[in-house]
Each structure stands twice: as C-alpha cells, then as structure tokens.
Amino acid sequence: MSARSPTGCGRRRSARSSTPPTESPAGQKLRLRQEYFFTSAALQDLVRRHLRVYGDLRSLPDKVAIQLNDTHPAIAVAELMRICVDLHAIPWDEAWAITRGSISYTNHTLLPEALESWAVPLMERLLPRHMQIIYLINAHHLDAVRAAHHGDVRLLSSVSLIEEGHGRRVRMGHLAFVGSHKVNGVSALHSDLLKRTVFRDFHAIAPDRITNKTNGITFRRWLQQSNPGLTGLLVEASGPAVLDDATRLEGLTPLAEDAGFRDRFAAVKRTNKEALAALIRQQLDLRVDPSAMFDVQIKRIHEYKRQLLNILETVALYDAIRAQPHLDWAPRVKIFAGKAAASYHRAKLIIKLAHDVARVVNGDPTVRDRLKVAFLPNYNVSLAEMIVPAADLSEQISTAGMEASGTGNMKLGLNGALTIGTLDGANVEMLEHVGADNIFIFGLTTEEVEARRHDGSHGAASVQASPRLGEVLEAVESGVFSPTRPGATATS
Ligand SMILES: *Cc1c(COP(=O)(O)O)cnc(C)c1O
C-alpha cells in the first residue's frame with residue numbers, strides 16, 4: 001500500500017470525484033507522477049540557482065540543505081543522482097557524496113501507510129532511468145552492508161531498497177534513509193521508536209544517522225497574533241524581550257504566587273472565552289457559559305487520537321449528572337473541531353456520534369449549563385486561532401506510541417490551558433518541563449500498549465471491569481443518541 005489510507009479498509013468515491021482512489025492502478029500512477037513532478041521541479045530550480053551563483057555542483061552540500069519533509073519526496077535521492085550523473089557528467093561516487101551531503105530526511109509518523117512503496121513495474125514504466133539508478137544505489141548499499149556484516153542474509157533483505165515479497169516494490173522510506181546524511185524524528189519518544197521499530201536494522205548499521213528534532217510552534221502566530229491579551233500581560237510582566245526570547249517566560253514562575261497577576265491572567269482568559277462563546281452561538285446557535293470550563297479537543301479526526309474516548313467520557317459525565325442532578329458539578333463545555341480524511345469512514349462516524357451526543361446533551365433541561373457539547377465545523381488554522389486562546393483544558397489523549405509529536409499540545413499549553421494527556425509524542429517532554437504536578441497524565445505507556453496488543457486481551461475484559469463504561473456503550477448502542485439509525489455507531 002502506498003499514499004495515505006488511514007483506514008486500511010476499502011475506499012469508495014463518488015462517480016463525480018475527479019481523482020481516482022489512490023489504491024487503484026490509475027490512482028497509484030497519478031500519485032507517483034505528482035510526487036515526481038514536484039520533487040523534480042524543486043530540485044531543478046535549486047540546481048539552476050546554485051549553478052548560477054557557484055558554477056559547480058561539487059559545492060552543493062556546503063551551500064544548500066535539502067530536507068525531505070516526510071517520505072513523499074524520497075524520489076529526490078534518485079533524481080539528484082540523475083541530475084549529477086546524466087546531466088552534469090559527474091562520476092557516480094562523487095555524485096553520491098553530493099547527494100548524501102545535501103539531503104536529509106524528517107520522518108513524521110510511524111503509521112505504516114505513510115511509508116510509501118511503489119510496485120517495481122510501475123516505476124519501470126513511469127521512471128525507468130530512476131529505477132536503474134535505484135538498483136545501482138541498492139547494489140552499492142548492499143555491498144557495504146555485506147562487507148560489514150558478512151553472511152547476515154536476514155539483515156540484507158531487511159535493509160534492501162527492494163521488497164522481494166509478494167510483488168517487488170521499491171521502499172521509499174529506505175531510499176530516503178540511505179540517501180540522507182541525517183534522519184530525524186519529531187519528538188524524543190518518536191525518534192527513539194524510529195530506532196526501535198521501522199528503522200531498527202538501519203539504526204544497527206548506521207547508529208549515528210538518526211537524530212531528534214522535537215517539533216515546535218511559532219510564538220508569533222500562536223501567542224502574539226492569536227492572543228494579544230495574554231501577549232500584553234506577558235510583556236507587562238517580563239518586558240518586551242520576551243517576544244523574541246521564549247526562555248524569558250521562565251521568569252514568570254514567581255508570579256504564580258501573585259494574586260494580582262493571577263486575576264489579570266484570568267481576565268484575559270475570560271475575554272477570550274467570551275469571544276469563543278460568541279462564535280459558538282453564531283455558528284451553532286448554542287449558548288455556552290464563559291465561566292464554565294472549556295474542555296478542548298481540536299485536531300484531525302483519527303482513531304488513534306481517540307476523540308471517541310472523549311465522546312464516551314462525555315456520555316459518562318452526562319449520565320452521572322442526570323443520575324445526581326443535585327450535586328455540585330463543575331460546569332463544562334466540551335469543544336471539538338476536526339476534519340476526517342475523505343474516505344475514512346470510521347472517522348466520519350466519530351464526527352456523527354459527536355453531533356448526535358451534542359444534540360441530546362444540549363437539548364436536555366436536566367443538565368442545563370453543567371454540560372454542553374460544541375462541535376465547530378471546518379477546523380483550520382483560523383478557527384484554531386480562536387479556540388486555542390480560550391481553552392482551559394487541552395485533550396492530548398492519543399494511544400501511546402502513535403502520535404509522533406503533536407503541536408496542538410504546545411499551542412494550547414502556551415496559551416495557559418492545562419493538559420490532560422497520555423505519555424505520547426511531545427507530551428512526554430512537556431511533562432519533563434512542567435513537572436507531574438502541572439499536567440494530568442493517564443493511560444498505558446507505549447510499552448504497555450505493545451504488551452496489551454500481544455497478550456491477546458480483549459476490549460470486552462475492560463468493559464467487564466468498568467460498569468460505567470458498559471453503561472455508556474449500552475446507551476450508545478441502544479440508539480439514545482441516534483434514534484433514527486440505532487445501528488450506525490462508531491463504537492460497533
Ligand atoms: C496545530 C494544528 C494541527 C495539529 O494538531 P495536533 O493536535 O498536533 O494533531 C492540525 N490542524 C490545525 C489546523 C492546526 O492548527
């Protein structure tokens with residue numbers, strides 16, 4: 001499988017769709033052509049500019065950095081070799097030094113569907129010269145591995161650029177690794193998992209290749225532009241240098257004990273929440289109380305990100321409030337936003353369930369302002385800039401080992417939301433920086449998830465162990481939230 005197919009299950013598209021599904025031969029061919037087109041255009045432009053200034057490709061590694069942003073442009077390795085060898089008559093070994101010296105590779109996910117591979121016959125038809133070059137790169141690469149680890153046949157086939165199993169395929173992640181002088185993951189956990197999982201054998205033969213560059217966010221957009229109130233308060237408290245030097249935020253620590261500062265911080269948050277409440281009213285015709293806790297999960301809809309878990313918790317809270325409406329419940333607004341990939345059927349069911357639960361909860365007079373559910377449509381950066389400054393609680397609850405880094409976690413933390421999350425992606429490093437008293441960590445570790453996958457234990461056991469979970473699932477399955485189509489649930 002290649003390209004993005006988040007479900008792994010079959011895709012169907014309407015007859016009107018202008019692009020074919022990527023699993024079809026026509027879709028595969030189109031995808032490869034697009035990737036080659038953009039990669040080649042970028043490299044040709046880069047080489048043209050370099051030659052105009054320096055006149056010689058041998059200085060390329062000293063003057064440019066070509067960063068493969070995920071696996072999709074990995075064909076750049078073969079394309080730059082073609083440009084050097086075929087168009088500029090540079091000998092192979094020198095061309096290889098130029099290519100590897102210029103290129104490095106950022107891996108963005110461990111999900112297998114993002115590590116592309118192309119059928120050899122497709123490559124031979126579409127990019128015959130590149131296929132020859134890849135074979136030659138592979139021959140040199142395997143010679144070097146053979147020389148260093150003689151006789152290890154398993155290792156050779158594992159690190160080969162060609163997958164020899166059912167139908168020969170070119171492994172583009174392997175091509176990116178071999179053609180790069182550095183390979184990086186995007187959080188400490190993710191980089192460590194790269195070494196232990198998808199690139200385990202490569203890490204054994206090239207132990208200095210994989211490095212970590214934990215993702216970051218721009219404070220200009222996610223603080224100064226989107227939250228002028230908080231920015232003003234920070235400048236007032238720490239001086240204008242804080243705008244250019246985020247490490248100066250550490251100087252705020254003593255102000256945690258300053259009641260006046262806390263009041264001003266709360267006033268900024270309140271103003272931001274009023275603005276979001278107005279947007280929710282305008283978009284959803286729903287009134288929410290700005291003094292309630294704004295509990296926020298905004299990100300692409302995906303099973304591993306576990307919006308479903310958050311919805312089930314919402315139902316559990318709804319049931320609990322209804323069972324004991326006289327208790328002093330902390331008022332809460334559950335805020336969701338996010339898009340599903342066009343063909344990701346389960347993700348779309350999760351969106352539907354969130355809307356179904358919202359309709360029932362928001363229309364129930366017994367819960368009143370103690371629980372509201374808002375799913376804002378068309379999640380994008382502009383909407384994120386409205387929600388992030390208004391959040392009290394940041395939901396970062398992916399299954400450990402699945403989220404490479406996350407950046408929503410950082411945006412929301414920067415704007416003063418507390419995080420509830422799992423030990424996944426950059427949450428791990430956020431915990432190290434803020435300390436366990438300032439973050440709510442729960443759930444299995446990556447290792448425990450892995451063990452759980454192998455020990456054959458089943459979800460049914462967890463349902464058995466939690467009567468509350470059982471009741472929630474029963475309510476969803478009974479159709480309480482979807483009276484017209486009780487069978488169509490994301491939990492089934
Ligand atoms: C930051 C951001 C993301 C990434 O969010 P995660 O919580 O890290 O998955 C996705 N979409 C938009 C619009 C964003 O602003």
Side-chain angles (χ1 to χ4, degrees), residues 227 229-230 259 262-299 306-338 353-377 379 383-384 386-397 408-409 411-413 415-421 437-440 442 468-469 471-472 475-476 480-481:
N227 198 344
L230 182 58
R262 287 205 306 260
D263 286 347
R264 277 178 289 159
F265 178 84
V268 167
K269 184 64 82 182
R270 168 80 191 198
T271 304
N272 295 337
K273 290 170 73 175
E274 283 167 1
L276 181 58
L279 183 76
I280 290 172
R281 185 150 180 223
Q282 181 214 320
Q283 296 253 312
L284 304 178
D285 196 21
L286 175 69
R287 281 171 181 273
V288 300
D289 179 0
S291 57
M293 182 202 302
F294 280 13
D295 175 344
V296 167
Q297 188 173 25
I298 49 172
K299 47 185 76 251
R306 297 202 293 193
Q307 283 92 355
L308 184 56
L309 180 63
N310 193 5
I311 297 165
L312 295 180
E313 195 235 359
T314 305
V315 173
L317 186 57
Y318 173 63
D319 287 347
I321 294 172
R322 276 167 40 105
Q324 295 182 291
H326 50 279
L327 287 191
D328 184 21
W329 299 97
R332 189 186 290 240
V333 184
K334 284 275 186 188
I335 296 170
F336 294 91
L353 181 63
H355 281 84
D356 288 343
V357 169
R359 191 182 321 103
V360 172
V361 170
N362 297 340
D364 189 333
T366 57
V367 299
R368 285 176 292 120
D369 266 353
R370 288 173 293 191
L371 183 62
K372 288 276 182 271
V373 182
F375 193 114
L376 285 159
Y379 182 52
L383 181 59
M386 287 293 298
I387 300 173
V388 165
D392 295 307
L393 186 63
S394 162
E395 299 266 359
Q396 308 299 336
I397 60 176
N409 46 4
K411 298 167 196 170
L412 287 151
N415 283 270
L418 292 175
T419 300
I420 181 166
D437 289 347
N438 296 306
I439 189 167
F440 302 99
F442 74 99
R468 228 174 135 206
L469 177 58
E471 283 165 27
V472 167
V476 172
V480 176
F481 301 103

Worksheet item: Only one of Asp295, Asn310, Val357 clears side chain to side chain contact (heavy atoms under 4.5 Å, CB included) with Phe336; which?
Response: Asn310

Discussion item. Would you say that Val333 contacts Pro290 through its side chain, given a criterion of any heavy-atom pair below 4.5 Å between the two side chains?
Written reply: no

Item to complete: List the atom of Arg368, the atom of Lys372, and the distance in Å for their closest heavy-atom pair.
Response: O-NZ, 2.9 Å

Practice prompt. Of all the heavy-atom pairs spanning Leu230 and Val268, show the shortest one and how long it is.
Written response: N-CG1, 3.4 Å

Worksheet entry | side-chain contact (heavy atoms from CB on, under 4.5 Å) between Ile280 and Ile335, intermediate numbers included | CA-CA 10 Å; Ile280 290 172; Ile335 296 170; 4.2 Å; yes

Worksheet entry | Heavy-atom side-chain contact between Val373 and Ile311 under 4.5 Å | no

Discussion item. Quick check against the 3.5 Å criterion: does Arg370 have a side-chain atom that pairs as donor or acceptor with the backbone of Pro325?
Written reply: yes

Discussion item. Show the nearest heavy-atom pair for residues Leu353 and Leu308, with the distance to one decimal.
Written reply: CD2-CD1, 3.6 Å

Discussion item. Could you check whether Lys273 pairs with Asp392 (Lys NZ or Arg NE/NH1/NH2 to Asp/Glu carboxylate O, under 4.0 Å)?
Written reply: yes

Worksheet item: When you check the gap from the basic side-chain N to the acidic O, do Glu313 and Lys334 get nearer than 4.0 Å?
Response: yes

Worksheet item: Can you find a pair of side-chain heavy atoms, one from Val288 and one from Phe294, that are under 4.5 Å apart?
Response: yes

Discussion item. Quick one: does any side-chain atom of Lys269 pair with a main-chain N or O of Ala391 as donor and acceptor, under 3.5 Å?
Written reply: yes

Item to complete: Give the C-alpha distance, both sets of side-chain angles, the deciding distance and a yes or no for side-chain contact (heavy atoms from CB on, under 4.5 Å) between Val388 and Asn227.
Response: CA-CA 9 Å; Val388 165; Asn227 198 344; over 6 Å; no

Worksheet entry | ring pair (Phe, Tyr, Trp, His ring centres under 6.0 Å) involving Phe265 - partner list, sequence neighbours excluded | none

Response to the item:
So CZ of Phe481 and NE2 of His355: to nearest 0.5 Å the spacing works out to 15.0 Å

Worksheet entry | Nearest heavy atoms of Leu284 and Ala374, plus distance in Å | CD1-CB, 3.8 Å

Discussion item. Measuring from atom OH of Tyr318 to atom CG of Asn362, what distance do you get when rounded to the nearest 0.5 angstrom?
Written reply: 10.0 Å

Item to complete: With rounding to the nearest 0.5 Å, note down the distance linking CG in Leu376 to CD1 in Ile298.
Response: 9.5 Å

Worksheet item: Pick one: which of Glu395, Gln396, Gln307 meets side-chain hydrogen bond (donor to acceptor under 3.5 Å, both in side chains) with Lys299?
Response: Gln396

Discussion item. Counting neighbours of CG on Asp285 that are heavy atoms of other residues, nucleotides or ligands and sit closer than 6.0 Å, is the number greater than 12?
Written reply: no

Response to the item:
d(Leu393 CG, Thr419 OG1) to nearest 0.5 Å is 8.0 Å

Worksheet, complete the sentence: In short, Arg468 meets Ala320 closest at the heavy-atom pair NH2-CB, 4.5 Å

Item to complete: Mark yes or no for whether Asp289, through its side chain, and Asp369, through its backbone, hold a donor-acceptor pair below 3.5 Å.
Response: no

Discussion item. Can you tell me how far apart CG (Asp364) and CG (Leu371) are? Round to the nearest 0.5 Å.
Written reply: 9.5 Å

Fill in: CZ (Arg287) with more than 12 external heavy atoms under 6.0 Å
no

Worksheet item: Lys411 side chain to Pro389 main-chain N or O, any donor-acceptor pair under 3.5 Å?
Response: no

Worksheet item: Is Val361 close to Leu317 at the side-chain level, that is, under 4.5 Å between some pair of heavy atoms?
Response: no

Item to complete: Go through the structure and list residues passing salt bridge (Lys or Arg N to Asp or Glu O under 4.0 Å) with Glu471, not counting sequence neighbours.
Response: none

Fill in: Inter-residue atom distance Thr271.OG1 - Glu274.CD, 0.5 Å rounding
5.5 Å

Response to the item:
Tightest non-hydrogen contact, residues Ala337 and Ile387, listed as CB-CD1, 4.2 Å

